[in-house]
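Step one of this worksheet: look at the structure below.
To find a chain, count down the sequence lines: A is the first, B the second, and so on, and within it residues start at 1.
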Protein chains: 2
Amino acid sequence: MTKSTEIVRVLAEELANVPPGTRVASEADVGQRFGVGRAAARAALGELERRMLVSRIQGGGTFTRRRVDYLVAPGRAPSWSRTVREAGATPRTVVLACDEVPLPPSVAHELGTQAGEPAFRLVRRSFIDGMPAAWGVEWLTVALVPELPAALRHEESLDAILRDVARVRPERAWTRASMESAPDDASAGLGCRPGDPAWLIASLARDGADGPPVLSTERWVRADAVRVIVELGAHETAQHETAAHGVTAARGATPAGPVSSRPT
Amino acid sequence: MTKSTEIVRVLAEELANVPPGTRVASEADVGQRFGVGRAAARAALGELERRMLVSRIQGGGTFTRRRVDYLVAPGRAPSWSRTVREAGATPRTVVLACDEVPLPPSVAHELGTQAGEPAFRLVRRSFIDGMPAAWGVEWLTVALVPELPAALRHEESLDAILRDVARVRPERAWTRASMESAPDDASAGLGCRPGDPAWLIASLARDGADGPPVLSTERWVRADAVRVIVELGAHETAQHETAAHGVTAARGATPAGPVSSRPT
DNA sequence: CAGTGGTCTAGACCACGGG
DNA sequence: CCGTGGTCTAGACCACTGG
């Protein structure tokens, strides 16, 4: 057992029952406490960051972090605000760009309309408890919500605007999620470093169960901010708990600690 | 621009068009080539590993790595062998344990049968090109395939056994995928270090589109070995390309390359 | 055995954040 | 300004892999 893994073990245990945002001991403190040099202390804190248990901010310090569960499933409304709020955190979304441009062919095909039709190209960044967590582009036709720019000044949630102004009921028609190393543009939008793990979630929403497409999105989501869970197909007990098949017991929303039975 | 990020940039560029399994310069070589100390060279190679572009093996060296695309979607057969083979790589699966035990209540509920019914609890490890990539537990009733232990001696693919011996046609009934930091038991099964990024994929397969459940699985998959893509809902162009909505240009799936030369 | 990556020390300079 | 994390050097020992 190396020194740093022992430090990781101890700190991870201590941090398990601490509210998110709590300050963690600095590198110097850890080094002194465990009687190791700065390199070993730094390695331990870096490992905690890699495990997404803490965030480290240059000049600021190290802080515990919470990961919000984001359940992507058929029938779940594709709404950032609602999902984050349901997790007990505070969502926020800011508009970086809202341009009226002719619809590119690929997106027009998604939306089932003509290329060149006037559309809004929306670039937005979303936060959880004030920390950047998502970023990306959303497309919708001008015809659907001509007053979008004005509406966005009073309401952050695109889902709410679509419901209240455009009078549609957005539902997931198609979604694709994958985990990538954030490229330069995405890491800039997410406020993280290039190469950090991030989700790429492309999605198409339609109006109701069988209505026409209304919204096409491609968003990057920080893996250390959001625990994306994709669910596919109907399931009797598909509410919010993890099925325990003998390997992993149910995990609470807040990491209560993975319980496992050893196979082999 | 720090020295190590510059080294990362250069090496990532050079490694982009190199077949998987190729040996990469050692820490000492990199340090000498770029005129930096070992720490900087090591940081650069470590960053490449974090980006899942290379694998580093103590005592062995650093090697380029390929990531296999694993598409999870309704209608796709839940078969490791087939998926890996379709990606042009060589699958292999070994049985770690095949015990006949009474079905636990939670799994019995999944399989739509009685708790306590005789069942096989299968623990298997799967490889891609000889490198461990997946590990986990699978459950199926003894009544379905009484001759499972014998069949597994001649056929690695559980999907094939279910088709040829049990005469069922496995289809995805329900699947849940999420990205986690591998706990100790999973990292041991996957041959990686605890805390490494890994997928947890729970799945229930049934016989045909409307048949009864036949197989319940919970498997861990190494994120650096497999690029899991979960797709939800029907889509006209849902074949295998990435939709480009103006943020992200279509990024090549995996650096197309022939079969890897194994490291070791 | 030599070469490789994994860990660690002691020390240094820098960039950044907050009082 | 001080304390924080980010980077880097030079050097050391260890664990592991390979021939």
Side-chain angles (χ1 to χ4, degrees), chain A residues 1-11 15 21-65 130-132 187 191-196 224, chain B residues 1-11 15 21-65 130-132 187 191-196 224 261-264:
Chain A
M1 184 67 72
T2 66
K3 297 180 182 179
S4 65
T5 55
E6 173 64 12
I7 298 174
V8 166
R9 196 186 59 74
V10 172
L11 291 184
L15 267 44
T22 306
R23 188 185 207 91
V24 179
S26 71
E27 295 179 354
D29 292 340
V30 171
Q32 199 154 28
R33 171 179 168 192
F34 292 92
V36 299
R38 191 187 160 199
R42 177 174 176 74
L45 290 171
E47 174 64 19
L48 291 177
E49 185 179 38
R50 200 178 63 99
R51 296 193 190 180
M52 303 182 284
L53 298 176
V54 302
S55 271
R56 316 194 68 195
I57 301 161
Q58 179 170 164
T62 303
F63 304 88
T64 57
R65 160 181 273 287
M131 283 142 66
S187 63
C192 62
R193 300 190 319 184
D196 280 354
D224 62 352
Chain B
M1 184 65 73
T2 67
K3 297 181 182 178
S4 64
T5 56
E6 172 63 11
I7 298 174
V8 166
R9 197 186 59 73
V10 172
L11 291 185
L15 266 45
T22 307
R23 187 185 206 94
V24 179
S26 70
E27 295 179 354
D29 292 340
V30 171
Q32 198 154 30
R33 170 179 168 192
F34 291 92
V36 299
R38 189 185 160 199
R42 177 173 175 74
L45 290 171
E47 175 65 19
L48 292 177
E49 185 179 37
R50 199 179 63 98
R51 297 193 189 180
M52 302 182 286
L53 299 176
V54 303
S55 273
R56 316 195 66 197
I57 301 160
Q58 181 171 163
T62 302
F63 304 88
T64 57
R65 158 181 273 290
M131 285 143 66
S187 63
C192 62
R193 300 191 318 186
D196 280 354
D224 63 352
S261 61
R262 285 295 330 290
T264 77

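For Glu49(B), the side chain to side chain contact (heavy atoms under 4.5 Å, CB included) test picks out Val54(B), Arg56(B), with sequence neighbours left out.
Near-neighbour residues of DNA chain D inside residues 28-44 of chain B, defined by a heavy atom below 4.0 Å, number-ordered: Val36(B), Gly37(B), Arg38(B), Ala39(B), Ala40(B).
Atom CD1 of Ile7(A) sits about 10.0 Å away from atom CG of Leu48(A), to the nearest 0.5 Å. With rounding to the nearest 0.5 Å, the separation of CG in Leu15(A) from CZ in Arg51(A) is 12.0 Å. In this structure, Arg9(A) CZ and Met1(A) CE are separated by 7.0 Å, a value rounded to the nearest 0.5 Å.
Residues Thr2(A) and Gly60(B) each lie close to DNA chain C; by heavy-atom proximity, the contact nearer the 5' end of the strand is made by Gly60(B).
Distances shown here put a side-chain N or O of Ser26(A) below 4.0 Å from the OP1 or OP2 atom of dT4(D). Of the side-chain N and O atoms in Arg56(B), none sit less than 4.0 angstrom from OP1 or OP2 of dT4(C). At least one side-chain nitrogen or oxygen of Ser4(B) sits closer than 4.0 Å to the OP1 or OP2 atom of dC8(D). Within the structure, a side-chain polar atom (N or O) of Thr62(B) is placed less than 4.0 Å from OP1 or OP2 of dG5(C).
Few gaps surround CD on Glu6(B); more than 12 heavy atoms of other groups in view lie less than 6.0 Å from it.
The interatomic distance linking Glu47(A) (CD) with dG6(C) (P) rounds to 13 Å, in whole Å. Following rounding to the nearest Å, Glu27(B) (CD) and dC8(D) (C1') show an atom-to-atom distance of 14 Å. In this structure, CD of Glu49(A) is placed 17 Å from P of dT4(D), rounded to the nearest angstrom. The distance between atom CZ of Phe63(A) and atom P of dG3(D), rounded to the nearest whole Å, is 16 Å.
Side chain of Thr22(B) to main chain of Thr64(B): no donor-acceptor pair is present (N/O by atom type, distance under 3.5 Å, no hydrogens or angles).
Heavy atoms of Leu45(B) sit nowhere under 4.0 angstrom from any nucleic acid atom.
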